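Here's the structure we're looking at; comments come further down.
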Amino acid sequence: PRPTHKELHLGMFEIGKPLGKGKFGRVYLAKHRESGYICALKMLKKEEIRREKAELHVRREIEVHSNLRHPGILGFYGWFHDSHRIFIILEYAAGGELYRILQREGSFSEQRAAQYIAQVASSLIYLHSKNIMHRDMKPENILVGLYGELKLADFGYSVHAPGDRRDTLCGTLDYLPPEMIASRQTSYTRAVDIWTLGVLAYEFLTGEAPFEGDVPTTQRRIVKGAMKPLPRRLSSEAKDFVHSVSIFLVFHPLRFMYTYNQEERNCFVSLLDRAVVFAAQANLL
Ligand SMILES: CS(=O)(=O)NCc1cccc(-c2cn3c(Cl)cnc3c(Nc3ccc(N4CCOCC4)cc3)n2)c1
């Protein structure tokens with residue numbers, strides 16, 4: 001049986017190479033001594049969390065992530081803490097960070113982009129079915145598993161929908177939808193993640209973020225829905241999908257609806273269907 005978190009402690013793990021450095025700490029490759037199971041150990045310093053006033057952020061990450069179980073979501077196996085650190089035991093994603101792969105390859109083929117989008121879309125359907133919106137999806141927060149499958153990670157910003165803008169927003173604006181940019185106090189629904197799906201699709205297909213520019217330019221472009229034009233080389237299915245996502249969002253009347261009702265769910269599922277169709281067509285191309 002899985003040990004309860006009070007029985008977990010650092011001595012149970014053999015710590016390997018650092019996998020990466022994040023805002024509040026580092027991620028190490030680790031091996032659970034008893035089972036030999038390879039995992040990733042995210043180490044957060046309590047002092048730094050206190051200094052950044054991020055106790056809620058970390059609590060939320062653990063609370064949300066520990067309730068998720070889906071092949072497209074990085075596995076959460078438990079957590080424990082000692083006098084000055086918090087440890088989160090996570091699935092080891094052998095393929096590393098998606099954005100490094102995207103950087104290295106420039107952009108992905110339509111077939112690969114379509115498969116990635118369909119995977120992210122089905123992970124989002126799962127998250128939304130549990131009334132959770134990720135809100136911080138970007139290639140940096142998407143890891144790759146041993147077989148090239150995508151794993152959504154880093155649930156620090158996810159909240160139980162509907163969210164509002166009381167908590168701080170930091171990091172790049174590129175992936176944020178208009179309603180999160182809009183200055184007036186507003187609430188938003190999980191449609192923000194659908195917006196990001198469109199931004200990810202654009203980025204997978206072109207290697208660039210669709211609203212790239214300095215902050216005021218990016219904000220203006222996002223609020224106007226003025227995506228940079230897609231390259232002509234792309235198939236009509238690919239262009240249609242990216243535009244349908246942004247059209248779905250820019251003109252989506254229910255987007256500001258407080259609740260996620262059936263019509264919005266239908267729109268989103270039909271969007272997922274489009275992603276799958278787009279993936280299927282790309283496979284056929
Ligand atoms: C806030 S944060 O600390 O979580 N983000 C910073 C960061 C930065 C970089 C990586 C990783 C990272 C996290 N991982 C987790 Cl969590 C599970 N597996 C990995 C994981 N796996 C991984 C697997 C392979 C590689 N290689 C592959 C061969 O080429 C060199 C890199 C890197 C990371 N990496 C994280």
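For the single chain, residues carry numbers from 1 onward in sequence order. All values derive from a computational prediction rather than experimental measurement. Just follow the structure's listing: the first ligand is 1, and inside any ligand the first atom is 1.
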>> Taking ring-ring contact (aromatic ring centres under 6.0 Å, His included) as the definition, give me every residue that meets it alongside Tyr37, ordered by chain and number, with sequence neighbours left out.
In response: Tyr77
> Using 30° and 60° as the class limits, which term best fits the ring planes of Phe204 and Tyr116: parallel, tilted or perpendicular?
Replying inline: perpendicular
>> According to ring-ring contact (aromatic ring centres under 6.0 Å, His included), who are the partners of Tyr28, at least two apart in sequence or on a separate chain?
In response: none
> Within a radius of less than 6.0 Å around NZ of Lys46, do more than 12 heavy atoms belonging to other residues, nucleotides or ligands occur?
Replying inline: yes
For each nitrogen or oxygen atom of ligand 1, which protein N/O atoms lie closer than 3.5 Å, and how far apart are they, rounded to 0.1 Å?
{"unit_1": "ligand 1", "atom_1": "3 (O)", "unit_2": "Gly22", "atom_2": "N", "d": "3.2"}
{"unit_1": "ligand 1", "atom_1": "18 (N)", "unit_2": "Ala93", "atom_2": "N", "d": "2.9"}
{"unit_1": "ligand 1", "atom_1": "21 (N)", "unit_2": "Ala93", "atom_2": "O", "d": "2.9"}

> How would you list, by chain and number, every residue that makes a ring-ring contact (aromatic ring centres under 6.0 Å, His included) with Tyr202, sequence neighbours excluded?
Replying inline: none
> Rounded to the nearest 0.5 Å, what separation is found between the CD atom of Glu47 and the CD atom of Glu52?
Replying inline: 10.5 Å
